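Have a look at the structure below, then the notes.
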Amino acid sequence: MKRYDAIIVGGGHNGLTCAAYLARAGRKVLVLERRERVGGAAVSEEVFPGFRFSVFSYVVSLLRPEIIRELELPRHGLQILPLESTLTPLPNGDYFAQWSDHDQNRRELARHSQRDAEAYDEFGLLLHRMARAIKPLLGVAPPDPTSLDPRELWDLWRLGRYFRELPEKDLYALWKLLTMSAADYLDEWFDGEALKGTKSASGIIGTMLGPRSPGTAYVLLHHYMGELDGVFRAWGFARGGNGSVSAAIAAAAQAHGAEIRTQAPVAKVLVSGGRASGVVLENGEELYGPAIVSGADPRRTFLGLVGEGQLPDDFVASIKRYKFRGSSAKVNLALAEPPRFTCLPEPGPHLRGAFSISPSVDYLEHAYDDAKYGEISRRPYMDIIMPSMLDPSMAPPGKHVMSIFVQYAPYHLNGGWNDARREELGNTVVSTLAEYAPNLPNAILHRQVITPADIERIVGLSEGNIFQGELSLQQMFFLRPAPAWARYRTPIRGLFQCGSGTHPGGGVMGAAGRNAAMAILEGRA
Amino acid sequence: MLKTTPFHERTSALCVSHAWRRWAGHVVASSYELTHEREYHVIRSAAALFDVSPLCKYLVRGRDAARLLDLIVTRNVHKAAVGQVLYTPWCDHAGKVIDDGTVARLDETTFRMTSAEPNLRWLQDNATGLEVNIADISNGIAALSLQGPMAWSILQSLGAPALKYFRIAAASLGGIAVTVSRTGYTGDLGFEIWTDAANALPLWDVVMAAGRPYGMMPTGLLALDMARIEAGLMLIDVDYVPANKALIPSQLSSPYELDLAWTVNLDKERFIGRDALAREKAAGPAWQFVGIELEWNSLERLYADAGLATRLPNAAWRMSVPLYADREQIGYCTSGAWSPLLKKYIALAHVPTRWAAPGTALEMEMTVEHRRKRTAARVVKKPFFDPPRKRA
């Protein structure tokens with residue numbers, strides 16, 4: 001019987017990151033992945049012959065730069081291409097675009113609102129400072145302010161000192177960001193409806209909240225913390241799709257000696273005397289090790305793999321209350337030709353950036369209204385990219401792949417999800433897009449529609465929540481996933497968590513995996 | 001008056017940035033788009049099309065053509081097969097580098113030489129008594145460089161013949177007579193396409209149309225400069241001073257000092273600079289041309305101390321930056337860049353041999369918020385980026 005120092009349950013990007021760091025520190029590590037490929041929700045698959053898709057997650061930005069450096073991911077094949085512009089087509093046939101060139105961007109802003117053009121840089125500067133203020137929080141286990149553990153008190157004191165050093169006005173701004181809605185926050189700054197719509201969209205991604213729901217301003221900031229080449233709010237995508245991120249991390253883990261087994265679903269975490277001792281695979285095989293690290297979300301980990309009976313009641317209650325409420329879906333299209341937007345029909349640089357269907361805050365709030373009562377948005381918010389524009393390896397020459405993030409498609413759909421509702425969602429997406437790019441329906445060669453129920457079934461994310469639990473304030477920082485158990489530890493000794501369901505949350509960051517590994521290595525978890 | 005290249009009618013229409021850079025008396029686009037970022041990335045993810053017409057080009061023909069070139073350059077030209085291209089420096093009699101470029105053997109007695117600086121006089125002066133004809137074809141030949149992972153797919157779609165690394169062949173692209181060499185200045189899979197200047201515009205159109213389905217973009221020199229640093233390729237007047245422009249001896253460099261020992265063929269009985277180079281080889285070069293990688297944590301700390309997020313250059317820099325060991329300046333960097341591909345801050349540098357071993361810890365000067373600081377760096381092997389597809 002083989003023994004390992006650590007067994008990682010789930011080969012998602014966080015599990016792989018955790019494995020890589022543990023292996024790098026000389027630990028004997030085994031990663032167990034249920035599917036035939038590693039990556040979890042960060043996978044690339046040739047869904048249709050010749051067309052490769054980032055099936056679920058589709059952009060890279062939040063991936064921590066220190067992980068890229070420390071695991072030498074570029075050497076292991078990671079190549080990140082920039083996504084520089086965002087085009088928001090408008091119902092009136094005009095558009096609103098955000099460009100990477102400063103002058104071009106300012107001119108475009110001014111076309112819609114002279115005041116916005118002037119406020120934009122100041123807003124960017126503030127969010128840059130906010131992102132910098134929050135950044136030190138990302139790389140540490142979040143200390144619990146109620147804890148009397150001297151190590152946590154020390155961490156708390158250090159963070160406290162850090163925040164005290166922030167200028168007063170930045171602290172006020174941070175508090176506002178933590179408590180306000182994205183729409184209210186943006187209203188303080190901007191007039192332009194398309195700008196506010198598009199910016200507030202970052203505040204609702206992955207949540208079952210609308211742009212006017214309090215707390216969404218923080219999610220906006222969360223998405224602002226993406227950092228590429230030292231620049232915040234820089235988005236990119238991986239050459240070869242998001243599976244390349246996972247593949248590079250897996251290669252780094254293997255180079256450090258980690259063992260990775262696919263098609264090895266874990267049925268149960270073995271617990272005896274309040275201590276985890278190993279795992280049982282679905283085929284009955286038992287594997288043992290002193291540290292079992294779960295990359296699965298808190299519900300699957302505790303209510304599934306461990307079992308309620310092994311856990312304290314109040315903890316079980318917290319986990320049961322932990323909110324998932326998946327609200328987004330994914331539509332992947334293989335296209336014979338790029339979309340021709342009514343507002344910009346000719347091919348141009350705009351095709352190499354993102355397209356956002358978010359003409360106004362009202363549009364998004366209406367989309368949320370439908371979802372609040374259990375329906376698919378009649379006109380959903382969409383965040384769209386065409387990776388094949390910059391990465392021709394994704395599609396046959398001249399053809400394209402289009403990745404469409406769709407919200408809202410509530411997990412708790414009236415009557416539940418079935419094939420007919422999935423097709424309905426696909427049709428809604430295509431017909432909504434066709435309002436802006438009439439050639440699109442006829443350009444579609446293949447269509448893949450992935451509902452929150454599909455995400456849960458295929459990837460194992462409970463209720464299809466892409467962040468392993470909503471990024472809302474009541475389940476962030478020292479409350480993620482449960483009070484008193486936010487530092488990657490669990491009530492079971494020897495059982496750890498490393499998924500997005502722990503601090504600092506989701507978005508192909510890898511931070512949770514790295515932090516968990518550090519906590520395990522320091523023996524403080 | 002600055003000259004334009006034979007592609008100017010097309011490139012100027014595409015150059016929306018109006019950003020041009022001088023190159024050998026010509027203007028060539030610095031970037032076509034407003035920022036060069038995408039152009040940089042297509043070199044590594046799709047394909048980039050560069051106008052490289054300003055290169056100096058010479059046609060050397062005749063019974064003694066090989067003899068002349070073998071006398072001038074450090075590599076063995078007699079051994080070059082027909083269809084082979086040699087990258088090589090050439091030296092003065094003291095063994096100091098005058099220029100570097102390529103020598104392509106088009107047939108048994110015909111060669112095309114490329115160089116950065118004019119070399120007609122040097123060729124002519126050394127051809128005394130040889131049966132050779134030397135023609136400056138710099139203006140007559142237009143050249144495109146097609147670089148990146150999709151470069152071969154694009155050429156293949158035009159019916160070009162397969163080529164091994166550093167080989168050249170005649171081809172017809174869309175009915176236009178060209179020669180295609182598997183060469184370039186990016187360290188990637190890539191080709192250079194040579195044709196009569198009269199064919200320039202139709203050739204541009206043919207290649208642009210063929211490249212479109214593969215995500216190819218016309219690309220300027222800002223992006224090229226970053227790629228060539230990643231490839232560890234030196235640039236004349238930036239990374240070294242050519243011997244015929246050096247004002248003081250310390251400005252001179254031998255091939256050994258430029259990491260070009262592999263190009264010096266001392267088995268050849270006679271070539272210009274041979275004796276000096278043989279002596280230098282025996283004694284060991286005083287200087288080395290090395291790769292430098294900055295340590296991120298040190299860099300981040302410098303900026304954090306100033307209350308700033310780490311600031312990275314978005315384009316390559318070309319200037320002399322001091323390198324330190326034990327608080328003493330021991331050498332200098334001549335070009336550097338943040339590599340978005342490698343996620344590393346890299347530089348090319350000249351250091352005395354004792355500091356040249358990979359892994360050697362050094363410090364590079366860096367000005368942060370108007371103050372001169374030193375950031376930790378170490379010597380690393382070149383090239384920084386060397387994908388298998390380059391030679392595959």
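Everything numeric here is computed off the predicted structure, so don't read it as measured data. Values below: all heavy atoms of this structure, side chains included; hydrogens, waters and symmetry mates excluded.
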At a 4.5 Å cut-off on heavy atoms, which part of [X] comes close to chain A: side chain, backbone, both, or neither?
X        : result
B/Pro149 : side chain
B/Arg38  : both
B/Met216 : neither
B/Ile154 : neither

Distance (rounded to the nearest 0.5 Å) between [X] [atom1] and [Y] [atom2]:
X        : Y        : atom1 : atom2 : value
B/Thr35  : A/His102 : OG1   : NE2   : 13.0 Å
A/Gln104 : B/Glu33  : CD    : CD    : 9.0 Å
A/Glu72  : B/Lys344 : CD    : NZ    : 5.5 Å
B/Leu34  : A/Asn105 : CG    : CG    : 11.0 Å
A/Ile68  : B/Leu342 : CD1   : CG    : 12.0 Å

Heavy-atom closest contact ([X] atom, [Y] atom, distance):
X        : Y        : value
A/Pro74  : B/Lys343 : CG-CG, 3.9 Å
A/Pro82  : B/His41  : CD-CD2, 3.2 Å
A/Pro397 : B/Tyr214 : CG-OH, 3.4 Å

Looking at [X] and [Y], would you say the former's side chain and the latter's main chain have a donor-acceptor pair under 3.5 Å?
X        : Y        : value
B/Ser45  : A/Leu390 : yes
A/Arg132 : B/Leu308 : yes
A/Gln79  : B/Arg44  : yes

Let me know if [X] has heavy atoms under 4.5 Å from chain B in its side chain, its backbone, both or neither.
X        : result
A/Pro347 : neither
A/Ser388 : neither
A/Leu73  : neither

OH (A/Tyr172) with more than 12 external heavy atoms under 6.0 Å: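 No, the 6.0 Å shell around OH holds no more than 12 heavy atoms from other groups.
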Should we count CD of B/Glu9 as having more than 12 external heavy atoms under 6.0 Å?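 Open.
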Return the option, out of B/Pro213, B/Ala47, B/Ser153, with the maximum number of heavy-atom pairs under 4.5 Å with chain A.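 The answer is B/Pro213.
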Partners meeting salt bridge (Lys or Arg N to Asp or Glu O under 4.0 Å) with B/Asp259 (sequence neighbours left out):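 B/Asp259 satisfies salt bridge (Lys or Arg N to Asp or Glu O under 4.0 Å) with B/Lys382 once adjacent residues are dropped.
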Residue selection (most heavy-atom pairs with chain B, distance under 4.5 Å) from A/Arg352, A/His400, A/Met389: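 Greatest number of close heavy-atom pairs with chain B: A/Arg352.
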